[in-house]
Asker: 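One structure follows; several queries about it will come next.
Chain identifiers are assigned alphabetically (A, B, ...) following the order of the sequence lines, protein sequences preceding nucleic acid strands; residue numbering begins at 1 within each chain.
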Number of protein chains: 2
Amino acid sequence: MDENQELEERFAQLLQDLRENNLQEFRNSFLEMHIYEQGQFYQSLNEEDRQLIYSYLSPKELADMFDVIEEDNEYMKEYLAEMRPSYAAEMLSEMYTDNAVDLLNTLDKKQVAKYLSLMTTDDASEIKELLHYEDETAGAIMTTEFVSIVANQTVRSAMYVLKNEADVAETIYYIYVVNQEEQLVGVISLRDLIVNDDDAMISDLMSERVLSVHVGDDQEDVAQTFRDYDFLALPVTDYDDHLLGIVTVDDIIDVIDDEAASDYSGLAGVNVEEINENPVKSAARRLPWLITLLFLGMSTASLISHYEELVSEASILAVFISLITGTAGNAGTQSLAVAVRRLAVSDDKDAGFVRLILAEVLTGLVTGAITGLTIFLIVGIWKHNFILGFVIGIAMLFAITVANLAGSLIPMLMDRLGFDPAVASGPFITTLSDLTSVLIYFNIASLFMGYFM
Amino acid sequence: MDENQELEERFAQLLQDLRENNLQEFRNSFLEMHIYEQGQFYQSLNEEDRQLIYSYLSPKELADMFDVIEEDNEYMKEYLAEMRPSYAAEMLSEMYTDNAVDLLNTLDKKQVAKYLSLMTTDDASEIKELLHYEDETAGAIMTTEFVSIVANQTVRSAMYVLKNEADVAETIYYIYVVNQEEQLVGVISLRDLIVNDDDAMISDLMSERVLSVHVGDDQEDVAQTFRDYDFLALPVTDYDDHLLGIVTVDDIIDVIDDEAASDYSGLAGVNVEEINENPVKSAARRLPWLITLLFLGMSTASLISHYEELVSEASILAVFISLITGTAGNAGTQSLAVAVRRLAVSDDKDAGFVRLILAEVLTGLVTGAITGLTIFLIVGIWKHNFILGFVIGIAMLFAITVANLAGSLIPMLMDRLGFDPAVASGPFITTLSDLTSVLIYFNIASLFMGYFM
């Protein structure tokens, strides 16, 4: 609470300095803030005030802040557009390359070309190199600002290299050792440099079993390696072990967040990142799924329509439609979530295919049997009709088993076919299981029609 | 593929060395592997072979490996139990305190007391200090192995402190500056130490605006600070700014993973971490939810039962029950997911309460109107009955709007009441919305009964 108030007062003072042209006061107190707070302040301004910022701060000073605020920010395009192009281009070249590339990837090609043409050849070519890596690969999230040295030198000379590169490198806590062909041959941490003697040779200290990821590796696999090994950074190499860049842990946290949000979105059948939009826009995003599922739901309706005569004879059947479809849908959603999660964490995806499906079907039989028995007793007692209870119970058993089968089979198949299994949404499974549940229910009811009426 | 094969061969060789008592060969090749791989090897062994490990490796050597494999590992208890108690106690004291505490928290109190009694007083008291912090707070995930210095010294002498503590500290990349009362007054990164002159004073270089978290802060809030500021570690303080410990980024990755899994589990109404269990155990975990929802579903059934006469007169009504409940359930799940996500990422939760609910209801009206219009046309044309279409369409509009209201209101209320909104599961919302949808549907149908029959 107090901290928030302090920050607000600070922001108010900053705004006053900015508007009253107190250049030096503004710069002093702005630059002493953490860059994340600088970003908070910058983003609270209107365009007029932001224009003052562009004249008070150098592109380099703005770049530090942009490095932190760039992720998932829909206004970045506007910010860039309102700067003088040469200022924007200089700021982009001062940013860490991976962040600049993320930002450029949101612009259209013409604008990217314009900014690149305004940079020095070196900066532009560094960015161009990264721009062509496929989305969601190690190449797309890596940065080229790493420290590399050769093995044949002392700790002292390595520390000298480090001091010179510390200003531009994204991390200096791992130093990568390369040979003359720029191939990765070892790694040494800054911790090791510090505890060892200044005259020790890097070749004696470095670890030669250096773990790296391939530039084309999926970002999720890279994140898994970070989780397993607790690294702060990982080197990225090409097919021939040339060191191309590094991935740092802050980018991995973004990857993990994005993947979690997309799994969650998939399960709910809605993009949960659609925050702070107006209701019409929200509706526009959700309707495609809802209408698609409506048509799938229509097949269930037309199926029931086939049994309309049965229902008019035994209207009691209508009472349990939503109970059976609902319960089977709940069970199917559980299976779906377990299957998607298992696919996400398992290393050897193929081995478990049949076993997982079988386990889910067996789980369905057990849950179905117990749920079915429960509803058999409830309906039998409530309606004084144990044959009707038997029909509902058996239908429940089969509907749950089939829902579990669908809930596990569909994401597994999607994974096999190369799609992300997480987009197999819960609503899709429940709507599909409505159809199978109704089919099972009315068929069983027809069979026993003579007995419970 | 190749890497896996290489690792397998290495493991086979290791196992041979282990069993044939080639102590030196085994130690050399085991200790040169990354600790994560050491863990993979260790976990592939049977108890007999693991007993050999305990005689070949020192508690300190085993501790390094245990620091990496400890998380989410159900076998850790067994491993500890099979070691000699004094060996286990020594290994626990050699582990980073936060990891040792995590491990001890899974044991029963008697065992914890036994291990603590076998440690040196210093080690035991460090662990005891952390053991009493509440689960899922900064205190529970912090470690006490950090580097702290006083401000009144040069970079040279600070580097000297660092060299001495580098071996035991969990990170040496941030150095915290404290005053004589052990209160946190500043921070300096190793990067700053390295680029600055050896004779520069820490007090001149350190940043005094040091961000810290409170020992009782929720781990999710700590994770959010890491995301915002891209830190590798954060200091943890008590009410009076005394430095108690640090939280490191590798623990934050575990927190983010756990929170994502629990949000996902909540939405699906099943614990998705229940992997590799047998079907009966899986069923036992899923049944409580399913049976609870079955009883909620029974209220829907008994509601329909009230309208049985209506259905026997107009059996066509039964055709659309699952379509209306299903579509409203889908819409409610979307609202739920958006609301839970918004609660998770928003900093100021109270401000948006009414606005969010209103936005969701408006979104429901828009999606409901369009979905309703669609179904009006479909039913009108299919059944040559536009009045029936009108009834279904209007019911759809209201059912979706109410589902959106429930989907957003329930998690918001849970959050207000201090519960985790993420446990408001999708299945619960869909089952609840079945009830409201049926109520809306049959009431509207009764009203227009005379017109569409």
Side-chain angles (χ1 to χ4, degrees), chain A residues 36 163 166 172-173 191 194-195 227-230 249-250 253 256 260 263-264 267-270 272 275 279-280 282-283 286-287 290 293-294 297 300-301 304-305 308 311-312 315 318-323 325-327 330 333-334 337-338 341-342 359 362-363 366-367 370-371 426-427 431 434, chain B residues 36 163 166 172-173 191 194-195 227-230 249-250 253 256 260 263-264 267-270 272 275 279-280 282-283 286-287 290 293-294 297 300-301 304-305 308 311-312 315 318-323 325-327 330 333-334 337-338 341-342 359 362-363 366-367 370-371 426-427 431 434:
Chain A
Y36 174 74
K163 277 191 198 193
I172 59 162
Y173 301 135
R191 191 194 282 247
I194 285 190
V195 297
R227 284 191 189 99
D228 288 343
Y229 288 84
D230 288 353
V249 70
D250 55 303
I253 287 184
I256 294 175
D263 285 2
Y264 194 75
L267 193 60
V270 62
V272 291
I275 277 172
V280 176
S282 296
R286 298 185 200 179
L287 274 167
L290 281 181
L293 294 171
L294 184 74
T300 310
I304 305 180
S305 185
E308 209 185 313
V311 176
S312 71
S315 55
V319 171
F320 298 100
I321 292 177
S322 74
L323 188 69
T325 57
T327 308
N330 293 342
T333 305
Q334 293 181 328
V338 170
R341 177 74 185 179
R342 204 173 302 216
L362 288 174
T363 305
V366 177
T367 48
I370 293 173
T371 313
T431 309
D434 282 356
Chain B
Y36 174 74
K163 276 190 199 195
I172 60 162
Y173 301 136
R191 191 194 282 248
I194 285 190
V195 297
R227 284 190 188 97
D228 288 344
Y229 288 83
D230 288 354
V249 70
D250 54 304
I253 287 184
I256 294 175
D263 284 1
Y264 194 75
L267 192 61
V270 62
V272 292
I275 278 173
V280 176
S282 296
R286 298 186 201 177
L287 274 167
L290 281 182
L293 294 172
L294 183 74
T300 309
I304 305 180
S305 186
E308 211 185 312
V311 175
S312 71
S315 55
V319 171
F320 298 100
I321 292 177
S322 75
L323 188 68
T325 57
T327 308
N330 293 341
T333 305
Q334 292 181 329
V338 169
R341 177 74 185 178
R342 203 174 303 214
L362 287 175
T363 305
V366 177
T367 47
I370 293 173
T371 314
T431 309
D434 282 357

Asker: Does any heavy atom of chain B fall under 4.5 Å from the side chain of A/Ile253, the backbone, both, or neither of them?
Answerer: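 Contact with chain B: side chain only.
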Asker: Is any side-chain heavy atom of A/Thr300 closer than 4.5 Å to one of B/Leu323?
Answerer: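 No, every pair of side-chain atoms sits at 4.5 Å or beyond.
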Asker: Count the heavy-atom pairs under 4.5 Å between each of A/Val249, A/Leu287, A/Thr371 and chain B, then report the option with the highest count.
Answerer: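 The residue among A/Val249, A/Leu287, A/Thr371 with the greatest pair count is A/Leu287.
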Asker: Going from OG1 on A/Thr333 to CG on B/Leu267, what distance comes out if it is rounded to the nearest 0.5 angstrom?
Answerer: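 Answer rounded to 0.5 Å: 8.5 Å.
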Asker: Could you have a look at B/Val280, B/Val366, B/Ile370 and say which one has the most heavy-atom pairs with chain A under 4.5 angstrom?
Answerer: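 With the most close heavy-atom pairs to chain A, the winner is B/Ile370.
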Asker: Go through the atoms of B/Leu294 and report whether side chain, backbone, both or neither lie under 4.5 Å from a heavy atom of chain A.
Answerer: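 Interface part for B/Leu294: both.
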Asker: If you count heavy-atom pairs within less than 4.5 Å of chain A, which of B/Ala318, B/Ala301, B/Ala260, B/Gly269 leads?
Answerer: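 Highest number of pairs under 4.5 Å: B/Ala301.
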Asker: Quick check for you: among A/Val311, A/Ile172, A/Ile194, which has the greatest number of heavy-atom pairs under 4.5 Å with chain B?
Answerer: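 Highest number of pairs under 4.5 Å: A/Ile194.
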Asker: Once you round to the nearest 0.5 Å, how far does CG of A/Asn330 lie from CZ of B/Arg286?
Answerer: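 CZ of B/Arg286 is found 12.5 Å from CG of A/Asn330.
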Asker: For the CD1 atom of A/Ile321 and the CZ atom of B/Phe320, what is their distance to the nearest 0.5 Å?
Answerer: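 Reported to 0.5 Å precision, the distance equals 11.5 Å.
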Asker: Which pair of non-hydrogen atoms, one from B/Val319 and one from A/Ser305, has the smallest distance, and what is that distance?
Answerer: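 Scanning both residues completely, I find the closest heavy atoms to be CG2-CA, 3.6 Å.
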Asker: If you compare all heavy atoms of B/Ala268 against all heavy atoms of A/Gln334, which two are closest, and at what distance to 0.1 Å?
Answerer: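 Looking at all heavy atoms of both residues, the closest pair is O-CG, 3.6 Å.
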Asker: What part of B/Ile256 lies closer than 4.5 angstrom to a heavy atom of chain A: side chain, backbone, both or neither?
Answerer: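 The side chain, not the backbone.
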Asker: Could you pull out the closest heavy-atom pair between B/Thr363 and A/Ala283, with the gap in Å?
Answerer: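 Smallest heavy-atom distance, with atoms named: CG2-N, 3.7 Å.
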Asker: Is the backbone N or O of A/Ala166 less than 3.5 Å from a side-chain atom of B/Arg191, with the two atoms forming a donor-acceptor pair by type?
Answerer: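 The answer is yes, because a donor-acceptor pair under 3.5 Å joins these two groups.
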Asker: Which is it for B/Leu293 and A/Thr327 under the side-chain contact (heavy atoms from CB on, under 4.5 Å) test, yes or no, and what are the steps along the way?
Answerer: CA-CA 7 Å; B/Leu293 294 172; A/Thr327 308; over 6 Å; no
Asker: Report which part of B/Thr431 has an atom under 4.5 Å of a heavy atom belonging to chain A: side chain, backbone, both, or neither.
Answerer: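 For B/Thr431, side-chain heavy atoms alone lie under 4.5 Å from chain A.
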Asker: If the plane angle is over 60° it's perpendicular, under 30° parallel, otherwise tilted; pick one for B/Tyr229 and A/Tyr36.
Answerer: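 Answer is tilted, since the angle falls between 30° and 60°.
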Asker: If you tally heavy-atom pairs under 4.5 Å against chain A, which of B/Gly297, B/Pro427, B/Gly326 wins?
Answerer: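 Going by pairs under 4.5 Å, I would pick B/Pro427.
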Asker: Nearest 0.5 angstrom please: A/Thr325 OG1 to B/Asp434 CG, how far?
Answerer: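 If we round to the nearest 0.5 Å, A/Thr325:OG1 and B/Asp434:CG are 6.5 Å apart.
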